[in-house]
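Here is how names work: the chains are called A, B, and so on, in the same order as the sequence lines, proteins then strands, and each is numbered from 1.
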Amino acid sequence: METIFDFEKPIADLQLQIDKVKQVAEKTKVDMSATLLELDEKLEAKRKEIYENMTGWQNVQMSRHPSRPQTLDYIQMMCENFIELHGDRTVGDDKAIVGGFATIGEHSVMIIGHQKGKNTKERQYRNFGMANPEGYRKALRLMKLAEKFNKPVVTLIDTIGAFPGIEAEERGQGEAIARNLLEMSVLQVPIICIVIGEGASGGALGIGVGDRVYMLEHTWYSVISPESCSSILWRSWDYKEKAAESLKLTSENMLTNKLIDGVIPEPLGGAHNNPEKMAATIKEQVLTDIKDLLKKKKDKLVEERIDKFCHMGVVIEGS
Amino acid sequence: MAWFKRDKAGISTATEHKKEAPDGLWNKCPNCKKPLLNTEQIENKYVCQYCNYHLRIDSMAYFSILFDNNSFTELNANLRSADPLNFVDSKPYAERVIEVAEKTGLNDALRTGYGKINGLDLVVACMDFNFIGGSMGSVVGEKIARAIDYSIKRRIPFMIISKSGGARMMEAAFSLMQMAKTSAKLALLSKAGIPYISLLTDPTTGGVTASFAMLGDINIAEPGALIGFAGPRVIKETIKKDLPKGFQTSEFVLEHGFLDFIVDRRQLKEEVSNFIRLVS
């Protein structure tokens, strides 16, 4: 079944109307092309109006659309010769983070990302894209491999957070994420990070320290999900929309605040409306950046990456 | 007939004869509930002399414990939180910061300074839990970054004392990026070959655990501290099971291999200076 959000209702209604007019036209053989043309124009205008003015919460909804493409979809659409690599060599293989070598255009890269799963069975298998420490350690192992063979790293971020569980704590969830932040900041190869869905907290940042960090247009990235923020600050789940506004978590907000390097536009109506087009846009961006970043000397690359993150934050200085 | 009878009505003790009991002379141990005398507490480094419970203390107390003769120079004391997102929850963040600052006398949740411990140079960054739960926002990140710069420039060992609920929600993604910022700076410190000691105290959770607190050349902790990434309540709600006894304590974290040792606060200065001597 197709998922239609509340805010998309006017579009669905218009679409329904158009379908009805078409049916009537076919049945009665009356020429209704003028009416149809008018309705089509109206529909297009409505779509533009709605999708170009989405609120924070509407973007959060869109980022969770059940048919939204995920890491493995993008790998399939953007890459060739993908070899998936498994395991952190210590504890096991985390299914919430996938990765491996592949080619994008003429470049061989290491591509790593969260995988949420698309149906109940898959989601359970993937732990809803919530990685355990071994997921972050697998990601680091693969990044080190990329460094060894001098290949760029591409990460695709899509998680509601690192998994909060007993075993995750026993195996050092905090340490695993912290280690990735430190190692990624000094990795000697280009890193391009793209938020393709949800970007929540340390679970997202754990594979998110890069030379270029992008968000797809209708995604979100923040320190906490709007639901959890609502429950902590307002002590109720009912303020998630308000929390989504307050957190300034949209791609537009994040770019304004200089916390990301760019926004990658989505097809009208969201990535799921035209996955192929979305993948092509991402691929183009990645190829441009790889070309650009490979020109830089390694020291310079790392220095600029560290500098970028060190400039993030706003403080008042003075007595 | 009453056993005791007042022969004069009213209170007849003259004001100058009244016994004064000044505030804060006594304190109750939150663990064993026994009364602790303030002067004894200071001497005992704020550790309960009956049950060894480590009381939660602020950055000034840690500095007085570590630095010789309590002598240190504070760094970047004047950094204060801006409100880049105009964040409003039950009250505006900008107002909250001013209120907390007035109440605590602190500018933010971290104090940085340098001085000598047992004659050795050390730069220390210490969190203050009283300031919005010791949460990390832009100021905490920036002060740590600058303290590390100071350490690198003068080749002085560096120590962070963590005591925090994690990233500060009111600065949202700005707070999140402080995790990357502090970790990146620590990478530079490490490359420069300068020792970094991370002391985790009660509590150390969230984004602080997932960045600088876990990245020490040695990670050490005070006994009985809560240390974890996710808070116990969140974990309980997620897995819908009771948590094992002693879960996420210093002892638990040591047992699982993420701490080098647990240090009694009364031996802290000795242990830290000993380590610095051994690696210098």
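At a 4.5 Å heavy-atom cutoff, A:Leu249 makes no contact with chain B through either its backbone or its side chain. Contact annotation for B:Phe212: neither backbone nor side-chain heavy atoms come within less than 4.5 Å of a heavy atom of chain A. The part of A:Phe163 that comes within reach of chain B is its side chain, from C-beta onward, which places non-hydrogen atoms under 4.5 angstrom from that chain. The contact between A:Val186 and chain B is made entirely by side chain atoms (from C-beta outward), counting heavy-atom distances below 4.5 Å. Of the two parts of B:Ala145, neither the backbone nor the side chain holds a non-hydrogen atom closer than 4.5 Å to a non-hydrogen atom of chain A. Residue A:Met254 touches chain B through its side chain alone, counting heavy-atom pairs closer than 4.5 Å. For chain A, the nearby parts of B:Ser211 are the backbone and the side chain; heavy atoms of each come within less than 4.5 Å.
Dense packing is recorded around CD of A:Gln188, with more than 12 heavy atoms of other residues, nucleotides or ligands lying under 6.0 Å away. Enclosure of atom NZ in B:Lys236 is not indicated, since only 12 or fewer non-hydrogen atoms of other residues, nucleotides or ligands lie within 6.0 angstrom.
Considering NE2 of B:His256 and CZ of A:Arg171, their distance stands at 9.5 Å, rounded to 0.5 Å. Note that CZ of A:Phe309 and OG1 of B:Thr182 are 11.5 Å apart. Values are rounded to the nearest 0.5 Å. Taking CG from A:Leu233 and CE from B:Met169, the interatomic distance works out to 4.5 Å, rounded to the nearest 0.5 Å. Between atom CG of residue B:Leu85 and atom NZ of residue A:Lys248 there is a gap of 5.5 Å, rounded to the nearest 0.5 Å. Taken from CG in A:Leu182 to OG in B:Ser183, the straight-line distance is 6.0 Å, to the nearest 0.5 Å. Once rounded to the nearest 0.5 Å, the distance linking CD of A:Gln173 with OG1 of B:Thr209 reads 11.0 Å.
With salt bridges taken as basic N to acidic carboxylate O contacts below 4.0 Å, one links A:Glu317 and B:Arg146.
Remark: the backbone N or O of A:His311 is not paired with any side-chain donor or acceptor of B:Lys181 at under 3.5 angstrom. Using modelled atom types, no side-chain atom of A:Glu175 and backbone atom of B:Ala210 make a donor-acceptor pair closer than 3.5 Å.
Considering all non-hydrogen atoms of both residues, A:Trp234 and B:Ser90 come closest at NE1-N, 4.4 Å. Across every non-hydrogen atom of B:Leu176 and A:Tyr221, the tightest pair is CD2-CE1, 3.6 Å. Of all non-hydrogen atoms in B:Ala180 and A:Leu181, the two that sit nearest each other are N-CD1, 4.2 Å. Of all the heavy atoms in A:Gly313 and B:Gln178, the pair that sits closest is CA-NE2, 3.6 Å. Between B:Ala172 and A:Val223, the shortest heavy-atom contact is O-CB, 3.4 Å.
For residues 132-140 of chain B, heavy-atom neighbours of chain A at less than 4.5 Å comprise B:Ser138, B:Val139, sorted by residue number. Contacts between residues 189-208 of chain B and chain A, defined by a heavy-atom separation under 4.5 Å, are made by no residue at all. Applying a 4.5 Å heavy-atom cutoff, none of the residues of residues 124-132 of chain A approach chain B.
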Working for side chain to side chain contact (heavy atoms under 4.5 Å, CB included), residues A:Ile306 and B:Lys185
CA-CA 8 Å; A:Ile306 292 177; B:Lys185 281 285 180 191; 5.6 Å; no

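The side-chain heavy atoms of B:Leu243 and A:Ile166, taken from C-beta on, include a pair separated by under 4.5 Å. Counting heavy atoms from C-beta outward, A:Met312 and B:Phe174 have side chains that stay 4.5 Å or more apart. Contact check for A:Arg179 versus B:Leu215: side-chain heavy atoms found under the 4.5 Å cut-off. Side-chain atoms of B:Met177 and A:Leu205, non-hydrogen and from C-beta on, do get closer than 4.5 Å to each other.
Judged as a ring-ring contact (aromatic ring centres under 6.0 Å, His included), and not counting sequence neighbours, B:Phe87 has no contacts.
No other option in A:Asn180, A:Ile224, A:Ile177, A:Leu259 has as many heavy-atom pairs under 4.5 Å with chain B as A:Leu259. Contact count against chain A (heavy-atom pairs under 4.5 Å) is highest for B:Leu79 among B:Leu186, B:Asp83, B:Ile227, B:Leu79.
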